[in-house]
Protein chains: 2
Amino acid sequence: MTEQSGSGRITANDVARLAGVSRSAVSRAFTPGAYVSRDTRAKVERAADLLGYRPDMLARSLTTSRTFLVGVITTHLDNPFYATLLQRLIEEIQRAGMAAVTFIADETSNDERISQLLSYRVDALVLTNTSLSSKMSVRCARGDTPVIAINRYLEVDNIVSVTCDNELASAAIGKLFVKKGRRRIAYMAGEPDTSSSRDRERGFRAGLSELGATLHSSAVGNYSHDGGVRAARELLSSSVRPDAIFCANDLMALATVDVARKDFGLDVPGDLMVAGFDNSDAAAWATYRLTSVDQNIPGMVRSAVEEIEAAVVERGRMRRRVLIPPTLVERESTGGPKSIDEPKYGS
Amino acid sequence: MTEQSGSGRITANDVARLAGVSRSAVSRAFTPGAYVSRDTRAKVERAADLLGYRPDMLARSLTTSRTFLVGVITTHLDNPFYATLLQRLIEEIQRAGMAAVTFIADETSNDERISQLLSYRVDALVLTNTSLSSKMSVRCARGDTPVIAINRYLEVDNIVSVTCDNELASAAIGKLFVKKGRRRIAYMAGEPDTSSSRDRERGFRAGLSELGATLHSSAVGNYSHDGGVRAARELLSSSVRPDAIFCANDLMALATVDVARKDFGLDVPGDLMVAGFDNSDAAAWATYRLTSVDQNIPGMVRSAVEEIEAAVVERGRMRRRVLIPPTLVERESTGGPKSIDEPKYGS
DNA sequence: TCACTTTCTGCACACGAGTGCAGTATTAGG
DNA sequence: CCTAATACTGCACTCGTGTGCAGAAAGTGA
């Protein structure tokens, strides 16, 4: 019998032997657009799925320099926003016929991770809420590895960054508070050194001042629930308590609602309006009904993967910035949706 | 100048040339336990990090058949439990010096995904809340690819399954309800055809009957928040309303609390006790203070990766089942923790 | 100094596939 | 029936690294 050789692995040679053709023919049968007769292709395909053969990606990548692997570096997934983002990103990557090699960012060992990913010759690198050291940026550029940053804007060459329009959305929330008659308006920041938190604060302030209002107070919640609890207590303990708080993400906003009700006996939105960012699932829960900003994750992810595909084809493209338009979702935590004919922000 | 050749990629040849040694020497310098003199190793290392060289994993894997890649197939990450599980799993994998290639399960295209992963020669395959068709099971066994199933028990040969002791934990909750004086006790199932939901129901019933109680009613919530809302409405609309509900996960339990309060004006735990499963972050939030079962994700993940490492060394090991002991976390949704001297369940 | 061991080094082949090139089978045209 | 074009096919080289083997260098003892 012409069986495969000893080892469990089935190679193109085994298929070739069984099909009675050369190994090149097998290779060509699996390469779209290569010179193979209908006849041989049929023989090869029959033999192949008789043996359960599939070309070895590793070996293939060695000659083609295409691995169909995308390196993804993301943060802790406690925050449901990152979890959903990662999920959609992976789905989009696999839809494009590639596979995602995922690492959780570790602050200290980040460079090591990237270097590791490069040693797998990933076709592209996606950073989610993560920065890139200039050293690694150079390494990526040298190896022609395109880098896409989602949700963080990096001032580095040869890198595409995809973010939602944080300033625009935050301004809309600022204006919403003012229109609803609030005057003691506070901001709860995320991690202070991230572009997202800074942009949201800047936009929020701009929105307020556009309608003649100004920021009453602010605190830092570090994007976490616990941090949000502490920051909310801090803000609400003030002698002149705020009557509206914009939190830089939902996790902190939900914490703020909890604290307002449980610790301070406040009514939301009566005594305190709260708005968040991310439009996470929990924002829609009956207990919270939280007004939030939908960053349009599917849109972000689609852009990111499109950038990857473009970059793989035309190597060495320019740095770019992609801005995804977000959507304001109004719920009861700010007094519910406006009347039906009032226009959305933006245009 | 002895620079690297045209392309951006730096190979062992470039390093060899710069260090003035043979390419084999470079290879050995990067292979722990190989025959190299202190002197050559030093020269190679110096040259290597001058050029920023790192062995190409693809080429290396081609000869060693070790890729240090672990294939991970997981479900949608809307459920925070899976998100945390995935995060910890990836972290543990990277701590072990490997990298995770992650796919989101797609029901229909699952076999295709696994086949794709096998074509990357992953060292092992981890399935999270996913089944394995018998066809793929055979393929994995043939290629000597160890398969580890987390949180689902599969009746297939050559596969290790790691789950928490669902029956034990669920029984504990059943007994807790009875001890707290409840008699109209209901169960909310997850996805009916999963081993986890079935095991939890079986354990729960066993716990009840152990103390002479019996199940009052049940409904199916499919492990989702929306499903939980529907199931809770169904259970609570009954003419004889339950006074305690055990939900097969936290997402449904939180939904149940929301529905009980908002739609039925019930007090939790006064009118209705609720318990969940997973001990997700939200369970600890002030609004819910939900009693839940901690599955010990770090423990599960550690076992899983240990199994991988063991399986990579001694190929072709037996099917095994690993049972992780869970912890009951009592909070206000069942009336708060017991008095201090009462023993935990188990032993 | 010689024989022998020990410690390394480099050659050459292997891993599994893609692919340019030259050669062969097939067909068309005359 | 002959020639030339066409459609394939297979050889052999390549990708970047690991590794057995044989030979060189260095050390050891007599």
Side-chain angles (χ1 to χ4, degrees), chain A residues 4-44 47-48 51-69 118-123 143-144, chain B residues 4-44 47-48 51-69 118-123 143-144:
Chain A
Q4 71 268 27
S5 45
S7 148
R9 186 143 200 99
I10 289 153
T11 75
N13 265 317
D14 302 317
V15 178
R17 203 159 27 228
L18 179 60
V21 297
S22 81
R23 199 188 51 72
S24 320
V26 177
S27 173
R28 292 198 170 94
F30 279 90
T31 308
Y35 248 140
V36 222
S37 69
R38 272 229 154 309
D39 188 43
T40 356
R41 157 161 282 133
K43 280 194 290 187
V44 169
L51 296 175
Y53 169 77
R54 174 158 190 159
D56 186 320
M57 277 305 286
L58 263 56
R60 167 176 276 186
S61 303
L62 202 55
T63 58
T64 60
S65 334
R66 275 279 273 144
T67 54
F68 294 91
L69 288 176
L118 291 179
S119 84
Y120 282 106
R121 294 210 206 184
V122 291
D123 286 344
D144 256 345
Chain B
Q4 71 268 25
S5 46
S7 149
R9 186 143 200 100
I10 289 154
T11 76
N13 264 317
D14 303 317
V15 178
R17 200 156 33 220
L18 179 59
V21 298
S22 80
R23 198 189 50 72
S24 319
V26 177
S27 172
R28 285 194 248 266
F30 280 91
T31 309
Y35 250 140
V36 223
S37 69
R38 272 228 154 309
D39 187 41
T40 343
R41 157 161 281 134
K43 281 194 288 185
V44 169
L51 294 175
Y53 169 77
R54 174 158 191 161
D56 186 322
M57 277 305 286
L58 263 55
R60 166 176 276 185
S61 303
L62 202 54
T63 60
T64 59
S65 331
R66 276 279 272 147
T67 55
F68 294 90
L69 287 177
L118 290 179
S119 84
Y120 282 107
R121 294 212 206 181
V122 291
D123 286 344
D144 256 343

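In what follows, every chain begins at residue 1, and chains take the letters A, B, ... in the order their sequences are listed. For the numbers below, each heavy atom of this structure counts, side chains included, while hydrogens, waters and symmetry mates do not.
Distance CG/Leu69(A) to CG/Leu69(B): 7.0 Å, rounded to 0.5 Å. The OG atom of Ser22(A) lies 7.0 Å from the CZ atom of Arg28(A); values are rounded to the nearest 0.5 Å. A distance of 14.5 Å separates CZ in Arg38(A) from NZ in Lys43(A), rounded to the nearest 0.5 Å.
Comparing dA12(C), dG10(D), dC15(C) by their closest approach to the side chain of Ser24(B) singles out dA12(C). Listed nucleotides dT19(D), dA12(D), dG10(D) differ in distance to Ala25(A); the shortest reach to its side chain belongs to dG10(D). Checking dG18(D), dA7(D), dC15(D) against every side-chain atom of Tyr35(A), the shortest atom distance belongs to dA7(D). The nucleotide whose nearest atom lies closest to any side-chain atom of Arg60(B) is, among dG18(D), dG18(C), dG16(C), dG18(D). You'll find that the side chain of Arg23(B) is closest to dG18(D), out of dG16(C), dA17(C), dG18(D). Nearest to the side-chain atoms of Val21(A) among the listed nucleotides dT17(D), dG10(D), dT9(C) stands dG10(D). When distances run from any side-chain atom of Ser22(A) to the nucleotides dG10(D), dC11(C), dC15(C), the shortest one goes to dG10(D). Distance from the side chain of Arg28(B) is smallest for dG20(D) among the nucleotides dG20(D), dA17(C), dC15(C).
Note: OH (Tyr120(A)) to P (dC15(D)) measures 23 Å, nearest angstrom. Rounded to an integer number of Å, the gap from CZ of Arg121(B) to C1' of dA17(C) is 10 Å. The distance from atom CG of Leu58(A) to atom C1' of dA14(C) is 15 Å, rounded to the nearest whole Å. Lys43(B) places its NZ atom 11 Å from the C1' atom of dT9(C), with the value rounded to the nearest Å. Taking atom CZ on Phe68(A) and atom C1' on dG18(C), their separation rounds to 13 Å, with Å as the unit. In this structure, Ile10(A) places its CD1 atom 16 Å from P of dC15(C), rounding to the nearest Å. Atom CG of Asp39(A) and atom C1' of dA7(D) are 13 Å apart (whole Å). Rounded to whole Å, atom P of dC15(D) lies 12 Å from atom CG of Asp14(B).
Along DNA chain C, the nucleotide closest to Ala12(A) and the one closest to Arg38(B) are compared, and the more 5′ of them pairs with Arg38(B). Place Leu62(B) and Gly20(A) on DNA chain D by their nearest nucleotides, and Gly20(A) ends up nearer the 5' end.
No contact: Val26(A) has no heavy atom under 4.0 Å from any strand.
Between Asp123(A) and Ser65(A), the closest heavy-atom pair is OD1-O, 4.1 Å. Residue Val26(B) comes nearest to Tyr53(B) through the heavy atom pair CG1-CE2, 4.2 Å, listed as atom of the first residue, atom of the second, then distance. Residues Arg41(B) and Val36(B) share a closest heavy-atom pair of NH2-CG2, 4.0 Å.
Taken over five-pair windows at either terminus, the axes of the helix from dT1(C)-dA30(D) to dG30(C)-dC1(D) are inclined to one another by 40° (rounded to 10 degrees).
Residues Asp56(B) and Arg9(B) form a side-chain contact, since some pair of their non-hydrogen atoms from C-beta on lies under 4.5 Å apart. In this structure the side chain of Arg54(A) never reaches within 4.5 angstrom of the side chain of Leu118(B), judged on heavy atoms.
Within the structure, every side-chain polar atom (N or O) of Thr64(A) is placed at least 4.0 Å from both OP1 and OP2 of dG18(C). Within the structure, a side-chain polar atom (N or O) of Ser37(B) is placed less than 4.0 Å from OP1 or OP2 of dT9(C). At the phosphate of dT9(D), OP1 or OP2 sits under 4.0 Å from a side-chain N or O atom of Thr40(A).
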